[in-house]
Structures are given as structure tokens and as C-alpha cells.
K.L.:
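Submitted below is the structure of interest, expressed as C-alpha cells.
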Amino acid sequence: MNAVTHASSPALPAPIGLLAELTHRCPLRCPYCSNPLELDRRSAELDTATWQRVLAEAASLGVLHVHLSGGEPTARQDIVEITRACAELGLYSNLITSGVAGALDKLDALSEAGLDHVQLSVQAVEAANAERIGGLKNAQPQKFAFAERVTALGLPLTLNAVIHRGNIAEVPALIDLAVRLGAKRLEVAHTQYYGWAYVNRAALMPAKADVDRSIRTVEEARERLKGQLVIDLVVPDYYAKYPKACAGGWGRRLMNVTPTGKVLPCHAAETIPGLEFWHVQDHSLAQIWADSPAFRAYRGTDWMQEPCRSCDRREKDWGGCRCQALALAGDAAATDPACSLSPLHGKVQALAIAESALETAPDYQYRTIGGAPRTAVPEGAPV
Ligand code: SF4
Ligand code: FES
């Protein structure tokens with residue numbers, strides 16, 4: 001693995017993945033979108049040549065995987081050129097797409113340009129439900145046609161389903177759908193509450209009993225479909241015992257480049273006040289990885305407070321998620337309240353139970369570019 005120079009660690013490992021958020025534009029408006037509440041406008045997006053340079057820098061730095069994401073990455077006119085740049089640089093490219101609007105029209109050219117993998121989002125199996133969640137009519141047949149073409153082209157297909165109160169009953173049907181569409185992998189990803197998902201938390205929070213049932217369903221299907229379908233499961237933080245190592249640990253594995261060229265340690269890092277982010281226009285990716293104040297802020301374990309500081313899991317989960325710690329504890333350096341050892345954990349679980357018990361879920365607040373949500377945070381938060 002490549003290594004880069006770092007003031008306090010001479011052999012800082014190189015990042016493995018680059019999340020290239022090519023645009024925030026998207027035909028869908030999913031209420032759990034992890035994009036920031038303030039979406040970047042098209043006029044401020046990086047141009048093709050800058051993305052090509054950034055990708056070349058990523059390859060030199062040792063990055064292996066590039067996730068072409070958004071918003072909807074195929075909304076970019078130059079998505080084929082950007083994909084070709086990945087292939088020419090030896091970077092494994094993964095297109096993270098909604099598969100609607102013009103995505104199908106570009107798919108053959110993307111395959112010819114060397115695209116390695118497609119990750120298609122599905123909002124639900126039942127069309128009316130899927131289209132209500134995504135906020136776009138007629139999306140479902142477009143997605144199915146897109147999936148069919150992906151497999152016809154011989155590209156590996158992963159389906160990604162974000163799970164919440166509005167679709168958790170459909171987990172068994174989502175597994176059947178993945179098999180029917182010829183997917184090699186299915187991500188059953190319980191909602192992570194940042195960005196728009198945080199705003200819509202009370203509308204999205206599932207009941208614990210339903211979460212437990214969905215986990216049992218996945219475990220049973222993994223056995224039944226061994227060798228046919230791999231199922232990844234992201235369990236919901238608010239009901240967890242220990243948090244996940246968010247982004248693989250801050251500044252350890254991933255770089256996230258926003259549509260305007262800001263480089264973040266995770267997709268929600270801009271919610272943390274006071275962090276200084278460097279920009280691809282001003283610094284190389286190698287400089288940013290090694291020395292950007294934002295990347296150094298929570299790298300390693302020196303910044304940790306108790307109980308993380310003396311916990312034997314501190315180099316497994318790296319204290320959980322900094323953005324969630326800020327959102328729920330009001331301090332980005334606190335132990336993630338998803339952890340059962342956090343003093344706030346009981347309150348977080350009680351809040352999840354109270355929200356999931358609401359007889360009628362609140363209406364979704366759909367994301368819009370230039371639009372602001374009606375409320376910045378859900379009722380009762382932060383805990
Ligand atoms: Fe992880 Fe910190 Fe919880 Fe220990 S106390 S399990 S390091 S979040
Ligand atoms: Fe930022 Fe988890 S989303 S650290």
C-alpha cells in the first residue's frame with residue numbers, strides 16, 4: 001500500500017476509496033438523502049478537466065476504488081469521460097445511480113468506457129410506495145429496465161435499499177427482487193440519520209420489533225441464497241449496542257470530494273462547525289490527505305474523551321460517528337451516542353422508541369436545491 005508523509009505519522013496509509021460527488025442534482029428527492037441540506041448548484045460544480053486531474057491524483061495516492069456518486073452522477077454531461085478517466089488510470093469505478101431520467105441512455109457508453117460496477121438504488125418493491133418515497137412518478141419501470149440492461153451488458157449489479165418505517169415490511173420482497181433482477185449483491189441499509197434523514201427522522205424511524213424481524217429475514221436469506229446473492233446489512237444506529245466505524249474511521253480510508261471540490265473526511269463533515277476543509281483547486285489530494293486540518297481533527301485516538309479514550313474497542317470503531325456525536329450530543333468529540341457505553345445512549349433509544357411509536361408518521365420533507373426544510377432538526381433533538 002502507498003504511504004504519504006504526515007507530520008505526526010511518517011507512514012500514514014493511503015486512502016482506499018474516493019467518493020466523487022459529481023453533482024447534487026438528482027431527479028429523486030428521497031427523504032433520507034445523505035446530501036447536505038444546502039445543496040451545491042450546477043454553476044458551481046467542478047469541470048471535467050479538474051475531475052480528471054483529481055482522479056489522476058487519487059490514483060497516484062494509492063486510491064483503488066472510485067464511487068461516482070451524487071445526487072445522480074449521470075446528470076453530468078461528462079459522466080462517460082470521467083468514467084473513462086477512471087479506467088485509464090486503473091481505478092475501479094462504481095456508478096451509484098438511481099437509474100432514472102437519462103441514466104439508461106448513457107449506460108452502454110459507460111460500459112464501453114470501462115465502468116466496472118453499478119449500484120442501483122431501490123426505494124421499495126411496490127411501485128406506488130417506491131415512487132412516493134423517491135418523490136418521482138414512473139420511476140420504478142425505469143429502474144427495472146435499467147437493471148435489466150446492466151446485467152445484459154455483463155456488469156455486476158448491486159441493489160441498495162435504504163430501510164425505514166415506510167418500507168421495512170418489504171425487506172423479504174426486496175430480497176426476492178434482487179434475485180429476480182440478477183443482482184450479485186443487495187445492501188439492506190437501515191437509515192443513517194444525517195442530512196435530510198435527520199430532518200425526517202420522526203417520519204423514518206422504524207419500530208425495534210420490525211428492525212429485529214428485518215435482521216432475522218436477512219440472516220435466513222443469506223443462508224438460503226449462499227453462492228447466489230450476497231446481502232450486506234447496515235443495522236440502525238439508534239438501536240445498536242456499539243456504533244459502526246463511520247467511514248472506516250475518520251481520515252483512515254476514505255476521501256469525499258463534493259461537487260464544488262471541497263474534500264471531506266465523510267459526507268456529513270460539513271455539519272461540524274469550525275472544521276477547515278481544503279479544496280482541490282488549492283491543494284493536491286496528497287496534501288489534503290496528509291495535512292488538511294479537517295482530516296487531522298479526529299484521525300487516530302488522541303482526540304477521544306472518556307469512555308472512548310480507555311475503551312478496548314477504540315481502534316475497532318474509532319468512537320463511532322463524529323457527525324452523529326455532534327447532532328445528538330452537541331459535541332463532535334463525544335462518544336457517539338449510538339454506543340451503549342455513552343451516557344446519552346438511553347435517551348437516544350428512548351427517543352427512537354417514541355418516534356417509531358407515533359401512530360401516524362409525519363409527512364416527508366423532500367429535498368430540493370435552493371429549498372430549506374421546514375425545520376432544521378426533528379422535534380426533541382438533540383437529546
Ligand atoms: Fe467505541 Fe467509544 Fe463505545 Fe468504546 S466507548 S465501544 S470506543 S464508541
Ligand atoms: Fe461524518 Fe459519520 S457521517 S463521521
Side-chain angles (χ1 to χ4, degrees), residues 15-19 21 24 32-38 67 69 96 160 162 187 189-201 204 234-258 262-278 288-289 292-349 377 381-383:
I16 290 171
L18 181 85
L19 183 70
E21 285 184 357
H24 281 159
Y32 47 73
C33 181
S34 62
N35 283 165
L37 301 184
E38 295 273 337
H67 305 280
S69 178
I96 300 179
N160 173 277
V162 176
E187 294 177 353
H190 280 273
T191 307
Q192 307 291 299
Y193 294 97
Y194 330 110
W196 289 86
Y198 189 67
V199 172
N200 281 301
R201 192 178 65 190
L204 296 169
V234 178
V235 297
D237 282 345
Y238 285 40
Y239 293 126
K241 184 172 181 198
Y242 296 119
K244 63 187 177 304
C246 197
W250 186 277
R252 293 190 71 247
R253 299 173 72 83
L254 295 176
M255 302 185 91
N256 182 345
V257 182
T258 71
K262 235 184 271 177
V263 189
L264 316 177
C266 72
H267 57 268
E270 286 177 282
T271 60
I272 300 177
L275 285 185
E276 180 188 333
F277 302 105
W278 286 1
I288 295 170
W289 181 247
S292 153
F295 276 82
R296 297 183 66 163
Y298 302 109
R299 183 176 266 150
T301 56
D302 288 353
W303 55 272
M304 286 181 175
Q305 306 169 0
E306 293 295 348
C308 291
R309 179 175 281 274
S310 55
C311 179
D312 60 8
R313 290 180 56 86
R314 67 186 178 280
E315 292 193 1
K316 287 197 180 84
D317 61 36
W318 304 95
C321 175
R322 297 306 89 226
C323 303
Q324 186 151 269
L326 177 81
L328 297 176
D331 178 2
T335 294
D336 182 345
C339 178
S340 54
L341 302 173
S342 159
L344 288 172
H345 186 66
K347 277 192 180 176
V348 167
Q349 288 211 323
V377 291
V383 294

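Ligands are counted one by one from 1 in listed order, and the atoms in each one are counted from 1 as well. Heavy-atom basis, side chains included; hydrogens, waters and symmetry copies ignored. Since the structure is predicted, the reported quantities are computational estimates derived from the model, not experimental observations.
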K.L.:
What part of Cys321 sits under 4.0 Å from ligand 2 if we count only heavy atoms: the side chain, the backbone, both or neither?
P.N.:
both
K.L.:
Would you mind telling me which of Leu18, Asn256, Ile288 makes a side chain to side chain contact (heavy atoms under 4.5 Å, CB included) with Val263?
P.N.:
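By the side chain to side chain contact (heavy atoms under 4.5 Å, CB included) criterion, Val263 pairs with just one of Leu18, Asn256, Ile288: Ile288.
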K.L.:
Among all the protein's non-hydrogen atoms, which is closest to atom 4 (Fe) of ligand 1, and how far away is it?
P.N.:
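Residue, atom and distance for the closest contact: Cys311 SG, 2.3 Å.
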K.L.:
Among Thr258, Leu19, Val257, find the residue that satisfies the side chain to side chain contact (heavy atoms under 4.5 Å, CB included) test when tested with Leu264.
P.N.:
Thr258
K.L.:
Please list, in number order, the atoms of ligand 2 under 4.0 Å from a heavy atom of Cys323.
P.N.:
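Near Cys323, the atoms of ligand 2 are 1 (Fe), 3 (S), 4 (S).
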K.L.:
Any idea which protein heavy atom is nearest atom 6 (S) of ligand 1, and the distance to it?
P.N.:
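Nearest neighbour among protein heavy atoms for atom 6 (S) of ligand 1, to 0.1 Å: Asp317 OD2, 3.3 Å.
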K.L.:
Mark up the atoms of ligand 1 that fall under 4.0 Å of a heavy atom belonging to Arg314, in ascending order.
P.N.:
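Under 4.0 Å from Arg314, ligand 1 has these atoms: 7 (S).
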K.L.:
Has Asp336 got any heavy atom lying under 4.0 angstrom from an atom of ligand 1?
P.N.:
no
K.L.:
Rounded to the nearest 0.5 Å, how far apart are CD of Glu315 and CZ of Arg313?
P.N.:
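Reported to 0.5 Å precision, the distance equals 12.5 Å.
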K.L.:
Strictly under 2.8 Å, is any N, O or S atom of Cys339 next to atom 3 (Fe) of ligand 1?
P.N.:
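Checking atom 3 (Fe) of ligand 1 against Cys339, an N, O or S atom does fall under 2.8 Å.
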K.L.:
What verdict does the side chain to side chain contact (heavy atoms under 4.5 Å, CB included) test give for Glu38 and Glu270, after you've listed the backbone C-alpha separation in whole Å, the side-chain angles of each residue and the deciding distance to 0.1 Å?
P.N.:
CA-CA 10 Å; Glu38 295 273 337; Glu270 286 177 282; over 6 Å; no
K.L.:
Have a look at ligand 1 and work out which part of Pro243, if any, has a heavy atom under 4.0 Å from it: side chain, backbone, both or neither.
P.N.:
side chain
K.L.:
Could you list which atoms of ligand 2 come closer than 4.0 Å to a heavy atom of Cys266?
P.N.:
1 (Fe), 3 (S), 4 (S)
K.L.:
Do His190 and Tyr239 have their ring centres less than 6.0 Å from each other?
P.N.:
no
K.L.:
Among all protein heavy atoms, pick the one closest to atom 4 (S) of ligand 2 and tell me residue, atom and distance.
P.N.:
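For atom 4 (S) of ligand 2, the nearest protein heavy atom comes out as Arg322 N, 3.3 Å.
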K.L.:
Any donor and acceptor pair, going by atom type alone, linking the side chain of Trp303 with main-chain N or O of Tyr298 inside 3.5 Å?
P.N.:
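Yes; judged by distance alone, with no hydrogens or angles, the pair exists.
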K.L.:
Could you tell me whether the side chain of Trp196 and the main chain of Pro36 form a donor-acceptor pair under 3.5 Å?
P.N.:
yes
K.L.:
Can you tell me which residue among Leu328, Thr271, Leu37 is in a side chain to side chain contact (heavy atoms under 4.5 Å, CB included) with Tyr198?
P.N.:
Leu328
K.L.:
Do any N/O/S atoms of Cys308 come under 2.8 Å of atom 2 (Fe) of ligand 1?
P.N.:
yes
